[in-house]
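Atoms within a ligand are numbered from 1 in the order they appear, just like the ligands themselves. Note: hydrogens, waters and symmetry copies are ignored here, and every other heavy atom, side chains too, is used. Treat the numbers as computed from the prediction; the structure is a model and nothing was measured.
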Amino acid sequence: MQHYDNFIDGRFVPASSTERIVVRNPANGHPICTVPDSSPGDVEAAVAAAERAQPAWARRPAIERARVLREIAARIRQRVEPLARIITEEQGKTLDLARTEVNFTADYIDYMAEWARRIEGEIIESDRPGETILLFRQPIGVIGGILPWNFPFFLIARKAAPALVAGNTIVIKPSEETPHNAVKFAEIVAEAGLPAGLINIVHGRGPTAGHALASSPRIGMVSFTGSVETGSAIMAAAAPNITKVNLELGGKAPAIVMADADIELAVRAVKASRVLNSGQVCNCAERVYVQRSVAQEFTGRLAEAMRQTRFGDPLADPTVDYGPLINEAGFRKVDRLVRGALEAGAELVTGGKRGPDERGYYYEPTVLAGCRQQMEIIRRETFGPVVPIVTFEDLDEAIAYANDSDYGLTSSIYTRDLNVALRACQEIRFGETYINRENFEAMQGFHAGWRKSGIGGADGKHGLYEYLQTHVVYLQRY
Ligand code: NAD
């Protein structure tokens, strides 16, 4: 078994602490590798390296910074297969999805590199004779990136690529569940010959290493993706230093299926939401509202589609539709929410229990009909292959149900009626709405949650500008 180190200042360096985190395959519990359980001192060393590297990096023209990013993307493309296997082994997604994640990561880095020539300031009209007001966009400094486990490789790029092209440097703390792919990312960075200190990767647990990063007075922004609870802890850690926070948090996406919808399309898209990555995707449909007149048909067809999905160890059988849940805690949460719904009167249409292979955290594809708005399974993020269905009478009721949530990340509606679609766009209070298509955002969009789903956002021009701060200069002619 390999024992890996942190990546600080362009080198792999042992942590000060001798404690190790053992990474396991969620499909069978086998140990994969270990990474350091880093101390706050290790995090500070990484922040110091990033701080030293940042001024010279920011002085380089953006187009040169972009070249460095493209070099990383090219090297990622040279090893899609080994990277995909590592992601599948520690995270449990299918190999196909892992390959998509790796390719998407390279594409995302190239996309952010394209912004190098498009970072623009403004010239603002002055009230005073002879004065020019200039607004510059400048780097923030050192970024702290704290990552979840569900798209672990892509999320390194989602934070590092905009950070670097904008002239910042970054310290990343991967999830303790999925650090192996981050070690491989660090190896690519090391080979690509980047200036030391631009990208630093420190392993460790949330309350120690993660907290140390979020509370460091030397970072300019903490960019976090993860749960609402941790997002709140990170805001508190950042508060004493008034550090900017960028938070991509959980979701409980509603899908509204109107009576006039293409039911086949809606079934396919909702099923994909709950099967992709074993249902562990923040933007995917987590609760389904179906108009009463088509509820029976939709539920029957969805249950049939879910029954046909196959799950299992994705490395042992690359043809499975989904793999295990990430860990015991994730499995228990899914099971507890399903049991709670059944006790509260939901009807089990299919699934509802652990898969036959008890070595991994497998959950059967599950459909629950007759759910009600107040049930916990409708209100809390489930993160599993489970579809809870609520019926509604008219659009007003569906929109009221959809909006009645602490979360505000994504939403979707299936209808052939343009007026219904437009009304939903105007009245649904979410950062994203998908109309007649599956839930997944584009890199040129802006992924930003309302309410407890986050602050700020990622992707596109607006996501890049999160990594820049403004500097306004008043230039007086005399
Ligand atoms: P999590 O909040 O448990 O952990 C995320 C990271 O935070 C880990 O690296 C962890 O070590 C760290 N952490 C934990 N406690 C900390 C603390 N006190 N201080 C600093 N860091 C701490 O989330 P998870 O289980 O890894 O990921 C799943 C969650 O992520 C889901 O809620 C999902 O919806 C969300 N997510 C959101 C998006 C989005 O774009 N909005 C994308 C992917 C995942």
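- Ring pair F154/F104: centre-to-centre distance below 6.0 Å.
- Residues I72 and I199 are in side-chain contact: their nearest non-hydrogen atoms beyond the backbone lie under 4.5 Å apart.
- Among R451, K252, R379, R429, the one residue that satisfies the salt bridge (Lys or Arg N to Asp or Glu O under 4.0 Å) test with D404 is R379.
- Protein heavy atom nearest atom 27 (O) of ligand 1, with residue, atom name and distance: P148 CB, 3.2 Å.
- Among protein heavy atoms, the minimum distance from atom 19 (N) of ligand 1 is reached at G206 O, 3.4 Å.
- Counting the atoms of ligand 1 from 1 in the order shown, those under 4.0 Å from a heavy atom of S175 are 9 (O).
- Nearest-heavy-atom check against atom 14 (C) of ligand 1 across T208, L155, T230 picks out T230.
- Comment: R310 engages D317 in a salt bridge, judged by a side-chain N to carboxylate O separation of less than 4.0 angstrom.
- In the vicinity of N150, heavy-atom distances shorter than 4.0 Å reach the ligand 1 atoms 43 (C), 44 (C).
- The closest heavy-atom contact to atom 41 (N) of ligand 1, among the options N277, T178, L249, comes from L249.
- Ring orientation note: the planes of Y401 and Y289 are close to parallel, at an angle under 30° on the 30°/60° scale.
- With sequence neighbours excluded, the residues forming a ring-ring contact (aromatic ring centres under 6.0 Å, His included) with F331 are Y363, listed by chain and number.
- Given atom 9 (O) of ligand 1, the protein heavy atom at minimum distance is L147 O, 2.7 Å.
- Here N283 has no heavy atoms under 4.0 Å from ligand 1, in either its backbone or its side chain.
- With rounding to the nearest 0.5 angstrom, the CD1 atom of I377 is 5.5 Å from the CG atom of L337.
- Annotation: atom 26 (O) of ligand 1 to nearest protein heavy atom, W149 CD1, 3.0 Å.
- Geometrically, K184 does not engage F153 in a cation-pi contact defined by less than 6.0 Å to the ring centre and at most 45° from the axis.
- Close approach to I234 involves these atoms of ligand 1, each under 4.0 Å from a residue heavy atom: 19 (N), 20 (C), 21 (N).
- Of all the listed residues (A253, G454, S227, S453), S227 holds the heavy atom that lies closest to atom 1 (P) of ligand 1.
- With 3.5 Å as the limit, one finds a donor-acceptor pair spanning the side chains of D459 and Y108.
- Under a 4.0 Å criterion applied to the non-hydrogen atoms of T225, ligand 1 contributes the atoms 5 (C), 36 (N), 37 (C), 38 (C), 39 (C), 42 (C), 43 (C), 44 (C).
- Between W149 and F383, the ring-plane angle classifies as perpendicular under the 30° and 60° cut-offs.
- Nearest-residue assignment for atom 34 (O) of ligand 1 (options E248, E381, H447, E176; heavy-atom criterion): E381.
- Which of G226, G330, P174, G431 comes nearest to atom 29 (C) of ligand 1 through a heavy atom is settled by distance: it is G226.
- Using a 4.0 angstrom heavy-atom cutoff, F224 counts as in contact with ligand 1.
- Counting heavy atoms under 4.0 Å from ligand 1, residue R158 touches it through the side chain alone.
- Residue-ligand proximity, G210 to ligand 1, at heavy-atom distances under 4.0 Å covers atoms 19 (N), 20 (C), 21 (N).
- A donor and an acceptor atom, one from each side chain of K452 and S232, are nowhere located under 3.5 Å apart.
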